[in-house]
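Before any comments, here is the structure.
We name chains A, B, ... by the order of the sequence lines, and we start the count at 1 in each one.
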2 protein chains.
Amino acid sequence: MKFNPVLFAKAISDETRQKIMNICCCESLSVNEIVDKLSVSQPTVSHHLAILREADLVTVREEGKQTFYSLNQENVAICCGQLMIKFAPESLTTEKLIKALNA
Amino acid sequence: MKFNPVLFAKAISDETRQKIMNICCCESLSVNEIVDKLSVSQPTVSHHLAILREADLVTVREEGKQTFYSLNQENVAICCGQLMIKFAPESLTTEKLIKALNA
DNA sequence: ATTTCATATTGACGACTTTCTATTTGATAT
DNA sequence: ATATCAAATAGAAAGTCGTCAATATGAAAT
């Protein structure tokens with residue numbers, strides 16, 4: 001799976017999408033559960049989830065009528081790492097990274 | 001300076017902007033030099049540079065008539081680190097990070 | 001003072017995005 | 001078979017974004 005920095009950035013560049021990412025960051029939730037935690041319609045949530053799926057940032061599990069989504073943290077980490085490699089190659093020492101993480 | 005994940009993502013979510021980031025990743029270039037390396041007009045480049053400046057992703061140096069821009073790698077690294085903290089908290093061990101960087 | 005040159009700003013246009021309502025699909029339950 | 005429920009899709013309206021040509025700003029050189 002080749003890293004596409006524009007696709008990744010576009011996927012995370014919307015506020016509603018970032019809220020969804022937060023909501024299902026550490027647990028798997030159905031679409032309706034996500035809708036309940038936001039103030040947008042179900043089709044809007046479905047649309048955003050499709051974009052996150054396209055960018056491979058969520059894990060999808062179908063179960064009966066419901067579909068459960070959870071953030072794919074590993075892939076998020078990989079994408080962030082690739083961004084660093086591409087756009088911060090000289091800031092990539094371990095010490096600097098730790099400093100960056102604490103900043 | 002507070003990290004704004006939507007502002008950061010929006011700033012890097014355009015292809016032309018990412019090209020600009022690459023072009024002045026490791027050297028300081030005038031606007032015209034950047035224009036020469038792209039196939040967009042000077043006002044378009046100015047516009048994109050303003051967005052990158054707004055997100056604090058470039059360092060600006062004025063010198064006579066010219067303005068030199070270079071990517072602020074340190075801030076890019078910080079933003080990527082913050083993204084990881086926010087959206088990949090459980091993938092944040094050093095080993096996993098290294099794995100992510102090598103993926 | 002005037003010209004020249006580099007960059008920023010303005011204003012317009014088309015393309016894309018976000019959102020909604022209405023509808024469809026598809027799976028379980030009756 | 002039919003009804004019910006969850007999620008996806010279609011289509012439209014409103015807003016945002018990327019781009020350009022034209023113009024303004026502002027600094028150096030003549």
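- No contact: A:Phe68 has no heavy atom under 4.0 Å from any strand.
- Following rounding to the nearest Å, B:Leu52 (CG) and D:dG18 (P) show an atom-to-atom distance of 11 Å.
- Considering all non-hydrogen atoms of both residues, B:Phe87 and A:Gln73 come closest at O-CG, 3.6 Å.
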Show each protein N/O and nucleotides 12-15 of chain C N/O combination with a separation under 3.5 Å, one pair to a line.
none

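- Close to D:dC5, at under 4.0 Å from its OP1 or OP2, lies no side-chain N or O of A:Asn32.
- Atoms CD (B:Glu62) and C1' (C:dT7) sit 9 Å apart, rounded to a whole Å.
- Listed candidates were D:dT9, C:dA6, D:dA6. Nearest to the side chain of A:Gln66 is D:dA6.
- A straight line from CD1 of A:Ile12 to P of C:dT17 spans 16 Å, rounded to a whole angstrom.
- Computed from coordinates, the B:Tyr69 OH to C:dA6 P distance equals 15 Å when rounded to whole Å.
- Distances shown here put every side-chain N or O of A:Arg17 at or beyond 4.0 Å from the OP1 or OP2 atom of C:dT17.
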Enumerate donor-acceptor pairs with a distance under 3.5 Å from any side-chain N or O in residues 24-31 of chain A to protein atoms, sequence neighbours excluded.
residue: A:Ser28; atom: OG; partner: A:Arg61; partner atom: NH2; Å: 3.3
residue: A:Ser30; atom: OG; partner: A:Glu33; partner atom: N; Å: 3.2
residue: A:Ser30; atom: OG; partner: A:Glu33; partner atom: OE1; Å: 3.3

Nucleotides 19-26 of chain D: which of its N/O atoms have a protein N/O under 3.5 Å away?
residue: D:dT19; atom: OP1; partner: B:Thr16; partner atom: OG1; Å: 3.1
residue: D:dT19; atom: OP2; partner: B:His48; partner atom: NE2; Å: 2.3
residue: D:dC20; atom: OP2; partner: B:Ser41; partner atom: N; Å: 2.8
residue: D:dC20; atom: OP2; partner: B:Ser41; partner atom: OG; Å: 2.9
residue: D:dC20; atom: OP2; partner: B:Thr44; partner atom: OG1; Å: 2.7

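- The side chain of A:Ser46 lies closest to D:dA7 when the candidates are D:dG18, D:dA7, C:dT7.
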